[in-house]
Amino acid sequence: MTAEEKMRLVLTLAEEGMKQGELPIAAIIFYGDDIVSKAYTTEKREGRYLVHAESQAMVEMDRQKYSIKARNKMQLVTNLEPCMMCFGTAIHSFIGEIYYSLESPTDGGAVWAEKTWGDYHKESIFKLPEVYKGILKKESKELFRKFLEVYPNGGVSDWVKTLV
C-alpha cells in the first residue's frame, strides 16, 4: 500500500470524526500494510484536550505490547502534523516513520524536533522518526475547509483557519 493509499484511509477516518462534531484529525498506525491501531480526535465528545488522534492510536498500539524492533518498523500516518505532545509520544513509542498531510504552524512538533533534536540527544536510546510531509495536503486542507463551513466561529475555528 502506498503512502497516499494509507493517507486516504486516514482522511476517511478524519471525516468520520468530523461527522461526529470533532475536529477532522485522524491517525492510523501501520505495520507494513497492516493496521495496528487507529483513532480520530475526540475532544468534543470527551470534554478533554489530551485525546488527540495520534496519542490515542499510540496508546492502543502500546497496549498490544509490540517490541521496540517492531515499533521501529511502524508508520504513524496522520492528516495533520503531530503537535509537540504527540510527536514526543511517537519518539518515546519508538515509531519509525511519521507521514502527515498538512503543517500545523502554531503547534507542529516535526519542525521543532528537526531543528532541536541533534543538539540535545546525541546519546539517547530514542531516535527521531523519519518524517514525510505533504501527503495529500490539498485533500486535508479541503477537509478543514468543510469543518469551517459547519463551525465558522470560535476558538477552535480560529485555529483551523491557520491551517487553511
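Nothing fancy with the numbering, it's 1 onward along the sequence.
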Original post:
Does the side chain of Pro129 reach to within under 4.5 Å of the side chain of Leu76, using non-hydrogen atoms?
Top reply: no

Original post:
How would you list all residue pairs meeting salt bridge (Lys or Arg N to Asp or Glu O under 4.0 Å) that involve residues 88-111, not counting sequence neighbours?
Top reply: Glu103-Lys137

Original post:
Applying the 4.5 Å side-chain criterion to the ILVMFWY set and letting contacts propagate, would Tyr151 and Val164 be lumped into a single cluster?
Top reply: yes

Subject >> Phe87: ring pair (Phe, Tyr, Trp, His ring centres under 6.0 Å) partners, not counting sequence neighbours >> reply: none

Subject >> Taking every non-hydrogen atom, the tightest pair across Met84 and Gly108 >> reply: CG-O, 4.1 Å

Original post:
Is Phe147 reachable from Leu143 through a run of hydrophobic residues whose side-chain heavy atoms are each under 4.5 Å from the next?
Top reply: yes

Original post:
Taking only residues two or more places apart in sequence or in another chain, which ones pass side chain to side chain donor-acceptor pair (under 3.5 Å) with Glu5?
Top reply: Thr2

Original post:
Sequence neighbours excluded, which residues qualify as side-chain contact (heavy atoms from CB on, under 4.5 Å) partners of Pro105?
Top reply: Thr162, Leu163

**OP:** Decide yes or no for Met74 and Met61: does some side-chain heavy atom of the first lie under 4.5 Å from some side-chain heavy atom of the second?
**Re:** yes

Original post:
Minimum heavy-atom separation for Cys86 to Ser55, with atom names?
Top reply: SG-N, 3.8 Å

Original post:
Which salt bridge (Lys or Arg N to Asp or Glu O under 4.0 Å) pairs, counting each pair once, include a residue from residues 150-164, with sequence neighbours left out?
Top reply: Asp158-Lys161

**OP:** Give a yes or no on whether the backbone of Val51 and the side-chain of Glu43 come within a donor-acceptor separation of less than 3.5 Å.
**Re:** no

Original post:
Is the number of heavy atoms from other residues, nucleotides or ligands within 6.0 Å of CD (Glu130) greater than 12?
Top reply: no

Original post:
Would Ile95 and Ile68 show up in the same hydrophobic cluster when neighbours are defined by side-chain heavy atoms closer than 4.5 Å?
Top reply: yes

Original post:
Between Ser101 (side chain) and Leu80 (backbone), is there a donor-acceptor pair under 3.5 Å?
Top reply: no

Subject >> side-chain contact (heavy atoms from CB on, under 4.5 Å) involving Val59 - partner list, sequence neighbours excluded >> reply: Arg63

**OP:** Could you grab the distance from atom CD of Glu139 to atom CG of Asn79, nearest 0.5 Å is fine?
**Re:** 11.0 Å

**OP:** Any chance you could measure Glu46, atom CD, to Glu22, atom CD, to the nearest 0.5 Å?
**Re:** 8.0 Å

Original post:
Taking atom NZ of Lys141 and atom CZ of Arg145, what is their separation to the nearest 0.5 Å?
Top reply: 6.0 Å

**OP:** Kindly compute the distance separating OG1 (Thr89) from CD (Glu54), expressed to the nearest 0.5 Å.
**Re:** 9.5 Å

Original post:
In the hydrophobic clustering (ILVMFWY, side-chain contacts below 4.5 Å, transitive), which residues join Leu50, or is it alone?
Top reply: Met85

**OP:** Measure from the side-chain N and O atoms of Ser37 to the backbone N and O of Ala57, and report whether any donor-acceptor pair falls under 3.5 Å.
**Re:** yes

**OP:** Assign the ring pair Phe144 / Trp159 to parallel, tilted or perpendicular, where the plane angle (0 to 90°) is split at 30° and 60°.
**Re:** perpendicular

Original post:
Same cluster or not: are Ile35 and Leu136 linked, directly or through other Ile, Leu, Val, Met, Phe, Trp or Tyr residues, by side-chain heavy atoms under 4.5 angstrom apart?
Top reply: yes

Original post:
With side chains defined as the heavy atoms from C-beta onward, is the minimum distance between His52 and Cys83 less than 4.5 Å?
Top reply: yes

**OP:** If a pair satisfies salt bridge (Lys or Arg N to Asp or Glu O under 4.0 Å) and one of its residues is in residues 66-86, list it, with sequence neighbours excluded.
**Re:** Asp62-Arg71

Original post:
Only one of Val131, Thr78, Val77 forms a side-chain contact (heavy atoms from CB on, under 4.5 Å) with Tyr99, so which one is it?
Top reply: Val77

Subject >> side chain to side chain donor-acceptor pair (under 3.5 Å) involving Tyr31 - partner list, sequence neighbours excluded >> reply: none

Original post:
Hey, quick one: are Val111 and Ile98 part of the same hydrophobic cluster, counting side-chain heavy atoms closer than 4.5 Å, chains of contacts allowed?
Top reply: no

**OP:** Could you check if a side-chain atom of Glu142 sits within less than 4.5 angstrom of a side-chain atom of Lys138, using non-hydrogen atoms only?
**Re:** no

Could you give the side-chain donor-acceptor pairs of residues 6-16 under 3.5 Å, partners two or more places apart or in another chain?
unit_1	atom_1	unit_2	atom_2	d
Lys6	NZ	Gly32	O	2.8
Lys6	NZ	Gln75	OE1	2.4
Thr12	OG1	Arg8	O	3.0

Subject >> Pair listing, salt bridge (Lys or Arg N to Asp or Glu O under 4.0 Å) test, anchored in residues 84-94, at least two apart >> reply: none

Original post:
So, for Leu148 and Ser157, which heavy atoms are closest and what is the spacing to 0.1 Å?
Top reply: CD2-O, 3.6 Å

**OP:** Consider only side-chain N and O atoms of Thr42 and Gln56, and report whether a donor and an acceptor are under 3.5 Å apart.
**Re:** yes

Subject >> Residues forming a ring pair (Phe, Tyr, Trp, His ring centres under 6.0 Å) with Phe94, sequence neighbours excluded >> reply: Phe126

